[in-house]
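Take a look at the structure below.
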Amino acid sequence: QVEMSIHFNNKRLMEHCFKKGIKVTSYSPLGNPGFTEGKKSVLVNPTLLEISNRIGKTPGQVAIRYILDRGVVCIPKSTTPSRIKENMGALEFKLSPEDFVKLDNLDT
């Protein structure tokens, strides 16, 4: 289980795990507010907002879908029933290859 988001995609670790047949589980797909070090929230990233507005999904749904489209199990944390339901909406669509690459390039 590793932290993963559009700002921290853990690409090298993912490549290693995939080569070894290790299934990866991601936590903090919406970012880790305790460790932002002055960075803005994942959910206000301009690229993420542009994609989410264009396809009619929330930024959270798109951020979660990005992780799922990488072939990773995703466990977003929420205790709010409406957010849990919203997060499940990430299962209802796939990102286009172009949008996936845009998000993949946001790794800091």
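We count residues from 1, following the sequence as given.
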Working to the nearest 0.5 angstrom, can you tell me the gap between L30 CG and K77 NZ?
11.0 Å
Is any side-chain heavy atom of Q61 closer than 4.5 Å to one of F93?
yes
Any non-hydrogen side-chain atom of Q1 less than 4.5 Å from a side-chain atom of I75?
yes
In this structure, CG of L103 is separated from CG of L48 (nearest 0.5 Å) by 6.0 Å
How far does CD1 of I55 sit from CZ of R65, to the nearest 0.5 angstrom?
10.0 Å
If you take all heavy atoms of L49 and P59, which pair is closest and at what distance?
CD2-CG, 3.6 Å
Hey, could you give me the CZ/OG1 distance between R83 and T58, rounded to the nearest 0.5 Å?
9.5 Å
Distance col, row D107:CG vs S5:OG, nearest 0.5 angstrom, shows 8.0 Å
Do R70 and D104 come within less than 4.5 Å of each other through their side chains, counting heavy atoms only?
yes
State, without any angle test, whether H7 and N45 hold a side-chain donor-acceptor pair at a distance under 3.5 Å.
yes
Same apolar cluster: L43 and F8, side chain cutoff 4.5 Å:
no
Indicate whether the side chain of Y66 and that of D99 have a donor and an acceptor atom separated by less than 3.5 Å.
no
Hey, are E3 and S28 close enough side-chain-wise for a donor-acceptor pair under 3.5 Å?
no
Residue of the set V72, V24, V2, N10 for which side-chain contact (heavy atoms from CB on, under 4.5 Å) holds with C17
V24
Determine, stepwise, if the pair L91 / L68 fulfils side-chain contact (heavy atoms from CB on, under 4.5 Å).
CA-CA 9 Å; L91 301 174; L68 295 172; 3.7 Å; yes
For V73 and K23: C-alpha separation, side-chain torsions, deciding distance, then whether side-chain contact (heavy atoms from CB on, under 4.5 Å) applies.
CA-CA 8 Å; V73 175; K23 190 68 175 168; 3.8 Å; yes
Show the nearest heavy-atom pair for residues M14 and N9, with the distance to one decimal.
CG-O, 3.9 Å
What residue among I67, I6, V42 forms side-chain contact (heavy atoms from CB on, under 4.5 Å) with P29?
I67
side-chain contact (heavy atoms from CB on, under 4.5 Å) evaluation trace for V101 with N105
CA-CA 6 Å; V101 168; N105 288 332; 3.5 Å; yes
Under a 4.5 Å cut-off applied to non-hydrogen side-chain atoms, are N87 and S78 in contact?
yes
Would you call R54-E50 a salt bridge at under 4.0 Å N-O?
yes
